[in-house]
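Here is the structure we will look at, set down as structure tokens.
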Amino acid sequence: MARWAGFRRLLCGIIAVAWALGGPASPAERLQLVNDDFLGPSEGIANDKAPGFGVEVVRQVFAGLGQDVSFEFFPARRAWMMVVRGERDGMLATLRTEGERFCSFPDEPLVRDRWVLFVRTADIGKLKFSSLDDLVGHAVAVRGPVLGVSEQPTMSPELWNFLREHNNMVATNDTDASLRMLAASRVDYAVTSIAYGMSEITKLGLSGKIEPLLSRSVAEQNVYVCFTKARVSPALVDTFSIALKQFKQTETFQAIYRKYFP
């Protein structure tokens, strides 16, 4: 903790110099970040005990830099449009494939997220995922790209192309919709991150009805905070990246991680 406190003082000095040079951001201004359902749970932002992994980590990092920050939850398209139009300072959690025209990304990722396939509990043992060929003939629900922001998939290109080639992908607006379709037997598989999927199953009252297939990951992807180019200086993005990397070495970060990724 002493190491983190010392490094925090150094970073505060660095960021003060950067702001003094006239970057778009000001230490007196609160940074406003938005989030959709990408790295949940997010709707619990007002919950002090469990506001969400990204909220807890980013709040801690900016507190160390003496920078105030707020978080808001919106549906995916609305959240991204607010970022694209320069109405907010960035997105709390996203892939680098999304929004690169509008956002700057720190070198340090927020977290490396594991995505898996979920199936109905009744189909455990019947449906499997040892190779992509196991998905042939089965409908797979996937959260689609945010139109107007990115045409890139929110999963590995390999799986995306395979599903499109076999015409068995069912694009949804969000992960909750994918899980509901799975529970209603409208699809056979649903793709989502394991941490978010498990939390949403509980929230949606689907415990005991849907389970993840843990034998193989669909993808393991770095998730980033992105900052609107029009509102946030490159110096602030770089300083945040350094601070985040250092914060990850602390026990405080490890405790937050274990809370959301048990």
Side-chain angles (χ1 to χ4, degrees), residues 1-20 23-36 38-42 44-73 83 88-96 98-99 103-114 193-196 199 220-229 231-262:
M1 291 302 293
R3 179 185 177 191
W4 169 237
F7 196 78
R8 190 168 65 183
R9 288 193 294 272
L10 173 62
L11 287 172
C12 286
I14 294 173
I15 204 167
V17 172
W19 277 319
S26 164
E29 299 173 356
R30 172 183 292 179
L31 284 174
Q32 298 174 296
L33 299 182
V34 293
N35 197 40
D36 56 7
F38 190 78
L39 187 64
S42 301
I45 285 174
N47 182 343
D48 291 336
K49 293 184 178 180
F53 174 81
V55 171
E56 290 206 44
V57 171
V58 173
R59 183 179 284 160
Q60 287 272 356
V61 172
F62 275 125
L65 296 174
Q67 171 64 51
D68 195 13
V69 60
S70 67
F71 306 92
E72 299 170 279
F73 175 87
V83 172
R88 295 295 187 273
D89 294 301
M91 183 71 77
L92 177 63
T94 186
L95 303 180
R96 291 198 72 139
E98 295 187 283
C103 291
S104 298
F105 287 81
D107 292 332
E108 187 67 23
L110 180 62
V111 70
R112 188 161 181 82
D113 200 20
R114 183 186 179 198
S193 72
I194 186 168
Y196 184 65
S199 68
E220 293 189 15
Q221 304 177 96
N222 287 334
V223 177
Y224 294 84
V225 182
C226 78
F227 298 92
T228 314
K229 292 178 180 178
R231 291 168 58 113
V232 180
S233 71
L236 176 55
V237 178
D238 290 343
T239 303
F240 171 81
S241 183
I242 295 169
L244 174 60
K245 184 175 183 179
Q246 185 67 18
F247 181 62
K248 285 183 176 180
Q249 307 306 311
T250 68
E251 177 55 35
T252 301
F253 173 83
Q254 296 302 323
I256 295 172
Y257 186 90
R258 289 192 296 269
K259 183 194 301 187
Y260 295 98
F261 299 92

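All values derive from a computational prediction rather than experimental measurement.
What you find for F227 and V225 is that their closest heavy atoms are CZ-CG1, 3.6 Å. Between P106 and R96, the shortest heavy-atom contact is O-NH1, 3.6 Å. The minimum heavy-atom distance between Q32 and R231, with the atom names listed, is OE1-NH2, 3.4 Å. Annotation for T228 and G90: closest pair OG1-N, 3.4 Å, computed over non-hydrogen atoms. Of all heavy-atom pairs spanning R30 and D89, the tightest one is O-OD2, 3.8 Å. Heavy-atom minimum distance, P109 versus L244: O-CD2, 3.5 Å.
Taken from NZ in K245 to CZ in F240, the straight-line distance is 14.0 Å, to the nearest 0.5 Å. Summarising the geometry, atom OG belonging to S70 is positioned 8.0 Å from atom CG belonging to L31; distances are rounded to the nearest 0.5 Å. To the nearest 0.5 Å, the span separating CG on D107 from CD1 on I242 amounts to 9.0 Å. With rounding to the nearest 0.5 Å, the separation of CG in L33 from CE in M91 is 9.5 Å. The structure places OH of Y224 at 11.0 Å from OG1 of T94, a figure rounded to the nearest 0.5 Å. The NZ atom of K259 sits 14.0 Å away from the CD atom of Q254 when rounded to the nearest 0.5 Å.
Looking at I256 and Q60, their side chains come closer than 4.5 Å, going by heavy atoms from C-beta outward. Side chains of E220 and D113 form no contact here, defined as non-hydrogen atoms less than 4.5 Å apart.
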- Could you please spell out the steps behind the side chain to side chain contact (heavy atoms under 4.5 Å, CB included) verdict for F105 and V237? CA-CA 7 Å; F105 287 81; V237 178; over 6 Å; no
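With Q67 contributing its side chain and E29 its backbone, the two residues share a donor-acceptor pair below 3.5 Å. At distances below 3.5 Å, at least one donor-acceptor pair connects side-chain atoms of T239 with backbone N or O atoms of A235. Remark: the backbone N or O of P234 is not paired with any side-chain donor or acceptor of S104 at under 3.5 angstrom.
Paired with R59 under the rule side chain to side chain contact (heavy atoms under 4.5 Å, CB included), one option of V57, V55, V61 passes, and it is V55.
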